[in-house]
Amino acid sequence: MKLTRLRGFQDYLGADARALSMVEDCARTVAYRHALNEIRIPTLERIELYERSSGETSDIVQKQLYRVPRAAEAAGEGDQALRPEGTPGVIRAYIEAGLDRSDPEQRFFYCGSMYRYERPQKGRLRQFNQFGVEIFGRADAASDAELIIMIDEFRRALGLEVTFEVNSLGDAACRPAFRAALLEWGRTHYAELCDDCHQRLERNPLRLLDCKTDAVLARTAPHSLDYLCDPCRGHFATVERLIKIADVPYVVNPQLVRGLDYYNRTTFEVTSSAVGAQSAIVAGGRYDGLVEALGGAAAPGTGFAIGIERTALAISADRYATGGAPDAAIIAIGDAAVAGAIALARELRASGLRIELLSPERGLKALLRRADRGGARHALIIGENELAAGVVQMRDLRASTQNTVARGEVAAALAAARG
RNA sequence: GUGAGUGUAGCUCAGUUGGCAGAGCACCGGAUUGUGGCUCCGGUGGUCGAGGGUUCAAAUCCCUUCACUCACCCCA
């Protein structure tokens with residue numbers, strides 16, 4: 001087998017595919033009830049979009065971006081990349097449609113595949129799907145709270161046990177003081193920090209907080225919550241109050257930081273212990289300066305993204321194992337019966353039944369075996385005799401009973417059996 | 001990019017001090033001419049990840065390499 005799939009890319013068959021659909025359908029249902037509008041955007045965008053939003057020093061831009069080289073043809077079009085996340089593209093579309101000026105308050109959801117060049121592991125792929133929600137034009141804490149409540153509805157519908165962690169990173173007014181304190185702390189403890197943290201001190205000091213090798217030491221680092229200005233403090237208190245009233249089981253994690261540097265104020269993460277080390281199945285937060293940074297009018301924003309594959313890992317197999325077995329499998333014996341079998345299948349499908357038409361090339365015994373293993377409740381057998389008499393043999397594969405049914409009555413009999 | 005583990009039939013895995021490549025499951029057929037599941041019998045299916053070396057002889061020992069998995073980094 002040479003033509004294998006690429007590293008980090010997955011095929012999903014049977015129950016695995018159903019699990020993903022189930023997660024996606026569930027998210028769509030919740031989004032529908034929240035009256036969000038779907039937005040579909042391209043998979044490929046200009047590279048600058050990601051450089052300007054995610055931050056040029058972030059790993060996503062530095063080494064995870066799938067650059068699409070079209071050197072000769074696209075020379076004048078600028079560099080392009082497969083989207084590593086959805087938020088920048090949604091904001092670009094929002095600005096490009098002029099909504100930031102004409103009607104800034106918008107509520108979107110999107111669903112699609114994202115691409116990041118990383119070493120795969122459990123819960124991490126190079127192509128993966130995200131279901132995301134973005135709310136523009138609202139700076140109030142209630143919009144943050146509503147997102148978290150939405151996620152809680154989503155995970156309850158799937159029967160997931162998860163942990164909600166929330167934090168506030170402050171804003172342009174108070175973050176500089178926190179950042180300075182963190183850098184100061186890092187320099188003071190430089191000798192005790194691990195090699196990774198030495199890198200973080202340069203590149204992304206906030207990351208010092210969630211170091212795993214020096215977790216004990218990291219706990220002594222300054223927290224953004226202690227540096228919040230009054231407006232930020234009030235905002236966070238309101239978020240907490242609202243999600244508490246809504247009964248969301250959350251904890252404040254002062255060491256929770258986000259990977260992308262456009263976040264401010266509220267950040268949150270939903271984790272499951274069932275999916276491996278990459279345990280975050282949903283993450284999000286507020287990004288008030290981002291629309292403006294991407295060339296739009298100043299508009300606040302807040303949003304989250306659900307990892308579809310990671311969420312699917314967390315749901316128990318018995319919730320999607322049964323994949324809708326056929327109501328009946330039709331078995332045609334002899335060439336003459338094939339046309340009649342196809343006609344019967346059409347009739348039955350038109351009345352809403354799920355019908356599988358089995359191959360006429362094999363023997364009755366083999367076909368009954370396939371019908372049984374395919375999970376069909378009934379087998380409908382049509383041969384020369386049945387054709388002539390205008391009937392079918394309807395065999396109940398569960399009860400092992402069989403009787404002759406007039407063609408016109410098959411649909412009703414199957415529907416009755418389905419209950 | 002770093003580290004560890006694993007590669008033998010479609011799947012899960014045995015394979016002894018180096019000596020004919022195996023089992024279970026799955027699939028196909030038969031026992032039963034047009035009647036499934038259970039049972040019995042039979043069959044298809046292999047570049048032992050790949051390349052090289054040692055040896056009369058390598059799935060087994062040595063070297064190289066590739067892939068997969070998990071973890072770090074990072075993140076959904």
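Each chain gets a letter, A, B and so on, in the order the sequences are listed, and its residues count up from 1. These numbers come from a predicted model, not from an experiment. The basis for the numbers below is simple: all heavy atoms, side chains too, and nothing from hydrogens, waters or symmetry mates.
Note on A/Gln121: every side-chain N or O is 4.0 Å or more away from OP1 and OP2 of B/C70. A/Arg369 has no side-chain polar atom (N or O) that falls below the 4.0 Å cut-off from OP1 or OP2 of B/C27. OP1 or OP2 of B/C74 sits under 4.0 Å from a side-chain N or O of A/Arg200. The phosphate of B/A67 (OP1 or OP2) has a side-chain N or O of A/Arg7 nearer than 4.0 angstrom. Residue A/Arg370 places none of its side-chain N or O atoms closer than 4.0 Å to OP1 or OP2 of B/C27. Side-chain nitrogen and oxygen atoms of A/Arg362 include at least one within less than 4.0 Å of the OP1 or OP2 phosphate oxygen of B/G29.
Counting distance only, with no hydrogens placed and no angle test, the side-chain atoms of A/Arg207 and the base atoms of B/C73 include no donor-acceptor pair under 3.5 Å. Judged by distance alone with a 3.5 Å cut-off, no donor-acceptor contact links the side chain of A/Gln393 to the base of B/U35. Residue A/Glu118 places no side-chain atom within donor-acceptor reach of the base of B/C72, judged by atom type and a 3.5 Å distance cut-off alone. Remark: the A/Arg119 side chain and the B/C72 base include no donor-acceptor N/O pair separated by less than 3.5 Å.
Of the listed nucleotides (B/C70, B/C28, B/A76), B/A76 has the atom at the smallest distance from the side chain of A/Gln130.
At a threshold of 4.5 Å between non-hydrogen side-chain atoms, the residues A/Arg219 and A/Gln255 count as touching.
Of the charged side-chain nitrogens involved, at least one lies within less than 4.0 Å of a carboxylate oxygen, so that A/Glu146 and A/Arg107 count as a salt-bridged pair.
Between A/Tyr115 and A/Phe9, the angle of the ring planes lies from 30° to 60°, which puts this pair in the tilted group.
At a threshold of 4.0 angstrom between heavy atoms, the contacts of A/Gly276 are confined to the sugar-phosphate backbone, with no base atom among them.
Taking atom P in both B/G5 and B/G18, one finds a spacing of 23 Å when rounded to whole Å. Atom P of B/G22 sits at a distance of 13 Å from the matching atom of B/G43, rounded to the whole Å. On the P atoms, B/U8 is 13 Å away from B/U60, given to the nearest whole Å. Atom C1' of B/C73 sits at a distance of 11 Å from the matching atom of B/G3, rounded to the whole Å. Comparing B/C11 with B/A26, their P atoms sit 15 Å apart, to the nearest whole Å. Comparing B/G46 with B/G7, their C1' atoms sit 14 Å apart, to the nearest whole Å. Only the P atoms considered, B/C68 is 40 Å distant from B/G42, to the nearest whole Å. Rounded to a whole angstrom, the distance from the P atom of B/C66 to that of B/G51 is 15 Å.
Atom pair A/Glu309:CD and B/C75:C1' shows a separation of 13 Å (rounding to whole Å applied). One interatomic measurement links the two molecules: NZ of A/Lys365 to P of B/C27, which rounds to 14 Å at whole-angstrom precision. One interatomic measurement links the two molecules: CG of A/Leu367 to P of B/C28, which rounds to 10 Å at whole-angstrom precision. In this entry the distance linking CD of A/Gln278 with P of B/U69 reads 14 Å, nearest Å.
Residues A/Phe131 and A/Phe109 bring their aromatic ring centres within 6.0 Å.
RNA chain B forms stems at B:1-7 with B:66-72, B:10-13 with B:22-25, B:27-31 with B:39-43, B:49-53 with B:61-65, each a run of 3 or more consecutive Watson-Crick or G-U wobble pairs whose two key distances fall under 3.5 Å.
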